[in-house]
Peer 1: 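Have a look at this one.
These values consider heavy atoms only, across backbone and side chains, with no hydrogens, waters or symmetry-generated copies. Per chain, numbering begins at 1; letters A, B, ... match sequence-line order.
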Number of protein chains: 2
Amino acid sequence: MKITDTENIIEPLSVDCVIFGFEDARIKVLLIKRSIEPEFGVWALPGGFIRYSENIEAASSRVLKERTGVANVYMEQLGAFGELDRFPLKRVITIVYYALVKPGKYKLNAGPDASDARWFNLSELPYLPFDHEKIILASLARLRRQFKYKPIGFNLLPDKFPLLKLQELYQAIYGIEFDKPNFRRKIMKMNLLVPLDEKQKGVPHRSAQLYKFDKNRYDALTETGFIFEI
Amino acid sequence: MKITDTENIIEPLSVDCVIFGFEDARIKVLLIKRSIEPEFGVWALPGGFIRYSENIEAASSRVLKERTGVANVYMEQLGAFGELDRFPLKRVITIVYYALVKPGKYKLNAGPDASDARWFNLSELPYLPFDHEKIILASLARLRRQFKYKPIGFNLLPDKFPLLKLQELYQAIYGIEFDKPNFRRKIMKMNLLVPLDEKQKGVPHRSAQLYKFDKNRYDALTETGFIFEI
DNA sequence: TCAAAAGTGTTTGCAATACACCCATGC
DNA sequence: GCATGGGTGTATTGCAAACACTTTTGA
């Protein structure tokens with residue numbers, strides 16, 4: 001977050017990214033190790049300043065790409081955080097985006113102001129600088145609400161997945177268990193999943209049918225008044 | 001929005017307020033008539049620049065008070081809007097708050113850069129400058145979702161109200177009709193309303209029981225896992 | 001043959017829906 | 001009396017929850 005080109009950036013305005021992943025039935029957050037002061041060497045949210053020539057979402061995409069190598073993912077704005085003392089050196093207001101990343105899609109690649117990047121379990125976050133913990137918790141709260149009425153969970157799963165993985169994702173998000181037969185029925189009745197000509201391989205039990213999410217079908221249903229809800 | 005004190009403000013960062021009201025069974029938005037260029041004389045959202053010494057929410061409260069006289073109302077951040085061309089003179093990113101105002105609470109009082117303030121029906125909005133229409137529609141979309149799982153509607157009603165007013169509010173928000181007996185039961189079963197020792201007066205029909213929303217009870221229920229949902 | 005997950009069927013009870021109906025008040 | 005909204009009662013239906021059960025695969 002060193003200011004190298006003061007002509008180019010909007011001084012007191014940064015973006016920060018909360019990047020969520022899902023693996024081993026747990027929700028993860030991607031953090032980078034800061035390579036500049038303040039808080040040198042500390043795990044933190046990837047962030048950077050906004051440039052005059054780019055809109056906010058573009059800034060967020062750029063920062064995400066530069067700092068972590070992650071690109072082309074689902075991204076949405078959470079909001080602005082601007083407490084007077086949130087950043088020690090000067091007044092910086094940050095606009096936060098959260099992103100959902102499919103497993104395998106990301107190729108970790110620390111950028112100029114980070115010497116490393118790593119996934120952390122939500123329940124095992126390290127010390128975080130500034131208001132980053134507050135930001136992550138706010139992102140999670142928003143994510144939980146979004147999961148209820150938008151099929152965004154598919155952005156955290158591979159393109160092909162068995163139903164139980166979807167269930168495990170919802171269980172991880174809400175922190176509760178669902179009944180398998182009932183969850184199945186509820187999902188299948190929505191008509192958003194397409195069964196593929198493919199099954200799981202190499203699992204030590206009956207192999208599961210794989211499905212993919214059909215976004216076109218979802219959009220069409222939405223037009224007719226359908227409301228996704230779990 | 002004239003910059004009179006460039007030392008004091010964060011140059012490219014403003015706040016804008018979407019103020020919702022409810023009267024005659026219709027959702028309203030409070031707009032002010034701009035008294036400076038650009039878009040002089042045009043109805044617009046009340047807005048202003050953020051100062052270095054105030055946090056964002058304080059800026060929003062201040063702007064709201066200065067421009068319209070409205071104070072002490074329910075307010076929540078919608079998010080940041082920052083398209084490159086949203087404001088013609090220069091790059092301005094704005095952080096939007098939406099507010100809910102009880103009828104009678106507001107005393108209209110146009111501020112320094114507005115010669116007037118007025119309520120408009122959502123369905124009869126005038127021409128709006130910049131991205132203000134987009135902002136209002138985004139606020140409304142957020143409001144609709146919030147209404148589903150948070151009892152914020154009470155911030156649009158007087159402290160004492162009959163059940164039918166609450167129903168009319170939900171009908172205006174969602175644009176659909178509810179069955180009266182069923183709506184009643186649903187609300188009453190939640191145990192959030194306290195019947196008062198008071199009834200409607202001077203109405204040309206049987207006078208209705210008045211209720212008030214019990215926030216303490218709501219908070220207590222929320223702690224025990226209760227989830228408000230309509 | 002056993003463990004583990006895939007997948008189906010069925011019963012039960014609650015809650016949303018859709019009404020029909022009576023009550024109070026002002027004009 | 002009548003229009004208008006206040007307020008209660010009830011039959012029906014749909015669906016979520018609970019759980020018992022069969023199937024398939026690898027080791």
Side-chain angles (χ1 to χ4, degrees), chain A residues 22-26 147-149 157-158 160-212 221 225-230, chain B residues 22-26 147-149 157-158 160-212 221 225-230:
Chain A
F22 178 65
E23 206 135 16
D24 304 324
R26 311 192 69 173
F147 257 71
K148 264 215 173 289
Y149 66 90
L157 293 175
K160 306 169 181 183
F161 55 88
L163 280 184
L164 192 62
K165 290 294 165 210
L166 186 63
Q167 183 177 343
E168 283 171 353
L169 173 56
Y170 273 88
Q171 292 179 160
I173 288 284
Y174 292 132
I176 55 171
E177 305 260 300
F178 293 105
D179 180 80
K180 186 170 49 157
N182 294 335
F183 183 84
R184 263 183 111 66
R185 267 189 291 265
K186 195 168 189 169
I187 295 291
M188 293 314 287
K189 216 177 44 185
M190 292 186 191
N191 245 317
L192 299 176
L193 295 186
V194 183
L196 301 169
D197 289 339
E198 222 175 319
K199 301 211 167 205
Q200 273 181 321
K201 277 182 285 190
V203 285
H205 53 74
R206 179 171 169 183
S207 61
Q209 176 67 244
L210 296 180
Y211 293 87
K212 76 178 175 80
L221 283 171
F226 164 83
I227 295 174
F228 177 88
E229 204 179 337
I230 276 191
Chain B
F22 177 65
E23 207 137 15
D24 304 324
R26 311 192 69 174
F147 257 71
K148 263 215 169 300
Y149 65 91
L157 293 176
K160 307 169 180 183
F161 54 88
L163 280 183
L164 192 63
K165 289 296 165 207
L166 186 63
Q167 182 178 343
E168 283 171 355
L169 173 54
Y170 273 88
Q171 290 180 163
I173 287 284
Y174 292 133
I176 55 170
E177 304 260 302
F178 293 106
D179 180 80
K180 187 172 45 158
N182 296 334
F183 183 84
R184 264 184 109 67
R185 267 189 289 267
K186 194 168 188 169
I187 296 291
M188 294 314 286
K189 216 178 41 184
M190 290 185 191
N191 244 317
L192 299 176
L193 295 187
V194 183
L196 300 168
D197 289 339
E198 223 175 318
K199 301 210 165 204
Q200 275 182 321
K201 277 181 287 192
V203 285
H205 51 74
R206 178 173 171 182
S207 61
Q209 177 66 244
L210 295 180
Y211 294 87
K212 77 177 174 78
L221 284 171
F226 164 83
I227 295 172
F228 177 88
E229 205 179 336
I230 277 190

Peer 1: What parts of residues 195-207 of chain B reach DNA chain D, counting only heavy atoms under 4.0 Å away?
Peer 2: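 The answer is B:P204, B:H205, B:R206, B:S207.
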Peer 1: Taking side chain as C-beta onward, heavy atoms only, is B:L163 less than 4.5 Å from B:F183?
Peer 2: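 The answer is no; the side chains never approach within 4.5 Å.
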Peer 1: For B:L164, which contact category applies under a 4.0 Å heavy-atom criterion: base, sugar-phosphate, or nothing?
Peer 2: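 Since only primed, P, OP1 and OP2 atoms lie under 4.0 Å of B:L164, the category is sugar-phosphate.
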Peer 1: Any non-hydrogen side-chain atom of B:I230 less than 4.5 Å from a side-chain atom of B:Y170?
Peer 2: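 SC-SC contact between B:I230 and B:Y170 confirmed.
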Peer 1: Main chain of B:A208, side chain of B:Q200: is a donor-acceptor contact present, judged purely on distance under 3.5 Å?
Peer 2: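 Yes; at least one donor-acceptor contact below 3.5 Å.
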Peer 1: Is there a donor-acceptor pair under 3.5 Å between the side chain of B:E198 and the backbone N or O of B:L210?
Peer 2: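 Not confirmed, B:E198 side chain does not pair with B:L210 backbone.
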Peer 1: With side-chain contact (heavy atoms from CB on, under 4.5 Å) as the criterion, how do A:Q171 and A:I176 come out once you've worked through the C-alpha distance, each side chain's angles and the decisive distance to 0.1 Å?
Peer 2: CA-CA 5 Å; A:Q171 292 179 160; A:I176 55 171; 6.0 Å; no
Peer 1: Under the side-chain contact (heavy atoms from CB on, under 4.5 Å) rule, what do A:L196 and A:Y211 come out as? Steps first, then yes or no, please.
Peer 2: CA-CA 5 Å; A:L196 301 169; A:Y211 293 87; 5.7 Å; no
Peer 1: Is the side chain of B:Q167 donor-acceptor paired with the backbone N or O of B:F178 at a distance under 3.5 Å, no angle test?
Peer 2: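 Checked: pair present.
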Peer 1: Tell me, please, whether B:Y174 has B:K148 positioned over its six-membered ring: NZ or CZ under 6.0 Å from the ring centre and within 45 degrees of its axis?
Peer 2: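 Cation-pi check for B:K148 and B:Y174: passes.
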Peer 1: Please identify which of these residues, A:R184, A:K180, A:R185, meets the side chain to side chain donor-acceptor pair (under 3.5 Å) condition with A:N182.
Peer 2: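 With A:N182 as partner, A:R184, A:K180, A:R185 yield a single side chain to side chain donor-acceptor pair (under 3.5 Å), made by A:R185.
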Peer 1: Under 4.0 Å from a heavy atom of chain A: give me the 5'-most and 3'-most nucleotides of DNA chain C that qualify.
Peer 2: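 Span of nucleotides near chain A: C:dA4 to C:dT10.
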Peer 1: Would you jot down, in residue-number order, the residues of residues 167-187 of chain A having a non-hydrogen atom under 4.0 Å from DNA chain D?
Peer 2: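 Those residues whose heavy atoms fall under 4.0 Å from DNA chain D, taken from residues 167-187 of chain A in numerical order, are A:D179, A:P181, A:N182, A:R185.
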Peer 1: Can you check side-chain contact (heavy atoms from CB on, under 4.5 Å) on B:I187 and B:L192, steps first, answer last?
Peer 2: CA-CA 8 Å; B:I187 296 291; B:L192 299 176; over 6 Å; no
